[in-house]
**Q** 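Below is the structure I would like to discuss, written out as structure tokens.
Note that the structure is a prediction, hence the values are computed from the model and not measured.
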Amino acid sequence: MCAHVLVAEDDAMQAELIRRSLLSEGHTATVVHDGSAALEAARRLRPDLVVLDLMLPVIDGFGVCRVLRRDDDIPVLMLTARSAEDDVLLGLELGADDYMTKPYSPRELMARIRTVLRRSGRAADRREEPVVRAAGIAVDPVRHEVRCDEAPVECTPAEFEILLAMAAEPERVFSRRQLLECTRGIDRASTERAVDVHIMNLRKKIEADPRRPMRLLTVFGVGYKLSGGRG
């Protein structure tokens, strides 16, 4: 199921995490950071789904949802730090199709998105398996499986999310903080230094010689990247 998703989120880091997760599932994404831009993009692009933060500047998420429901039938998944029952009920009364509160697991968010898209029937079935391939590694977010040179690799949930993000954008350099965000909701007690441990363990699993990595490379002073390109 491949869809175009509009992400309306004023937190740039959270928006980027959602965008990468969508790309890894085979979707396309447009990101905006305020309510006015969200309405303009929704009218122009007619996306299959809107992931809508409630605490948007200019026009808040409630206002955006109200206009979307008046003018169109685009599915809406509300995403916010506000978890009070009144907020949840108001969002649903305005026509939101689902509601998630922060902090959240990227995997749970993608599962909710798949459910909303399936219910709405707006997205086209363009491929059977959203497998992400890079540097001889295949990451399947649906089956939660990793293969390296066709051999199965056992990963912890945090390792899986880090590898999925990096495989979706090979050659991109990720900071430790960005990789830590990939594990948000899985290991909330983790720190940026814990990312180094995850990388070290991943190298043991996907590198012929973990001491001389050829795939999972350190970019000194910045972070890490998955090198080798797609395929």
**Q** Let's go through Cys65 and Leu52 carefully: what are the C-alpha distance in whole Å and the side-chain angles of both, what is the deciding distance for side-chain contact (heavy atoms from CB on, under 4.5 Å) to 0.1 Å, and is it a yes or a no?
**A** CA-CA 8 Å; Cys65 189; Leu52 180 64; 4.0 Å; yes
**Q** At their closest point, which heavy atom of Gly223 faces which heavy atom of Val173, and how far apart are they?
**A**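 Taking every non-hydrogen atom into account, N-CG1, 4.3 Å.
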**Q** What closest approach, in Å, do Pro210 and Pro213 show between heavy atoms, and which atom pair accounts for it?
**A**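 Minimum heavy-atom separation between Pro210 and Pro213: O-CD, 3.4 Å.
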**Q** How long is the gap from OH on Tyr224 to CG on Leu217, to the nearest 0.5 Å?
**A**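 Separation between the atoms: 11.0 Å.
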**Q** Does a side-chain heavy-atom distance below 4.5 Å link Ile113 with Leu22?
**A**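 Touching, per the 4.5 Å side-chain cut-off.
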**Q** About how many Å separate CG of Leu45 and OG1 of Thr30, when rounded to the nearest 0.5 Å?
**A**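 Taking OG1 in Thr30 and CG in Leu45, the distance rounds to 5.0 Å.
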**Q** Donor-acceptor pair, distance only, cut-off 3.5 Å: does the side chain of Asp53 make one with the backbone of Ala8?
**A** no
**Q** Decide yes or no for Ile74 and Pro47: does some side-chain heavy atom of the first lie under 4.5 Å from some side-chain heavy atom of the second?
**A**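 Ile74 reaches Pro47 side chain to side chain.
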**Q** Please assess Arg19 against Glu169 for the test salt bridge (Lys or Arg N to Asp or Glu O under 4.0 Å), listing each intermediate value before the final yes or no.
**A** CA-CA 11 Å; Arg19 186 188 71 84; Glu169 298 185 74; 3.4 Å; yes
**Q** With rounding to the nearest 0.5 Å, note down the distance linking CG in Leu179 to CD1 in Ile199.
**A** 5.5 Å
**Q** Heavy atoms only: give me the nearest Ala135-Leu226 pair and the separation to one decimal.
**A** CB-CG, 4.2 Å
**Q** Among Arg118, Arg112, Arg69, exactly one meets salt bridge (charged side-chain N to carboxylate O under 4.0 Å, His left out) together with Asp97. Which residue is that?
**A**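 Considering Arg118, Arg112, Arg69, a salt bridge (charged side-chain N to carboxylate O under 4.0 Å, His left out) with Asp97 is found only for Arg69.
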**Q** Which residue in the set Val64, Leu39, Asp34 passes side-chain contact (heavy atoms from CB on, under 4.5 Å) when paired with Val58?
**A** Asp34
**Q** What's the shortest heavy-atom distance between Val31 and His33, and which atoms?
**A**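 Scanning both residues, the minimum pair turns out to be CG1-CE1, 3.6 Å.
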**Q** Test your reading of the model: is there a side-chain donor-acceptor pair from Asp149 to the backbone of Ala151, 3.5 Å cut-off?
**A** no
**Q** Could you tell me whether the side chain of Met214 reaches within less than 4.5 Å of the side chain of Glu207, counting heavy atoms only?
**A** yes
**Q** Answer yes or no: is there a donor N or O on one side and an acceptor on the other, between the side chain of Arg203 and the main chain of Leu216, under 3.5 Å?
**A** yes
**Q** Should Glu9 and Val51 count as side-chain neighbours, where that means a heavy-atom distance under 4.5 Å?
**A** no
**Q** Distance from Glu171 atom CD to Ser227 atom OG, nearest 0.5 Å?
**A** 3.5 Å
**Q** For the CG atom of Leu79 and the CE atom of Met55, what is their distance to the nearest 0.5 Å?
**A** 12.5 Å
**Q** How far apart are the C-alpha atoms of Val67 and Arg43, what are their side-chain angles, what is the distance that settles it, and do they pass the side-chain contact (heavy atoms from CB on, under 4.5 Å) test?
**A** CA-CA 11 Å; Val67 173; Arg43 295 185 183 111; 3.7 Å; yes
**Q** With a 4.5 Å heavy-atom cut-off, do Ile137 and Ile206 have their side chains touching?
**A** yes
**Q** If you look at every heavy atom in Thr156 and Lys205, which pair is closest and at what distance?
**A**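 It is N-NZ, 4.2 Å.
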**Q** Would a 4.5 Å heavy-atom cut-off, applied to side chains only, mark Glu16 and Gln178 as touching?
**A** no
**Q** State, yes or no, whether a side-chain contact exists between Arg215 and Cys148 at a heavy-atom distance under 4.5 Å.
**A**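 Heavy-atom side-chain distance check passes, below 4.5 Å.
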**Q** Using the six-membered ring of Phe62, assess whether NZ or CZ of Arg66 lies under 6.0 Å from its centre and within 45 degrees of the ring axis.
**A**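 No.
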**Q** Rounded to the nearest 0.5 Å, what's the gap from NE2 on His198 to CD1 on Ile162? Could you check?
**A** 5.0 Å
**Q** On a heavy-atom basis, which atom in Pro57 and which in Asp10 lie closest, and how many Å separate them?
**A** CD-CB, 3.7 Å
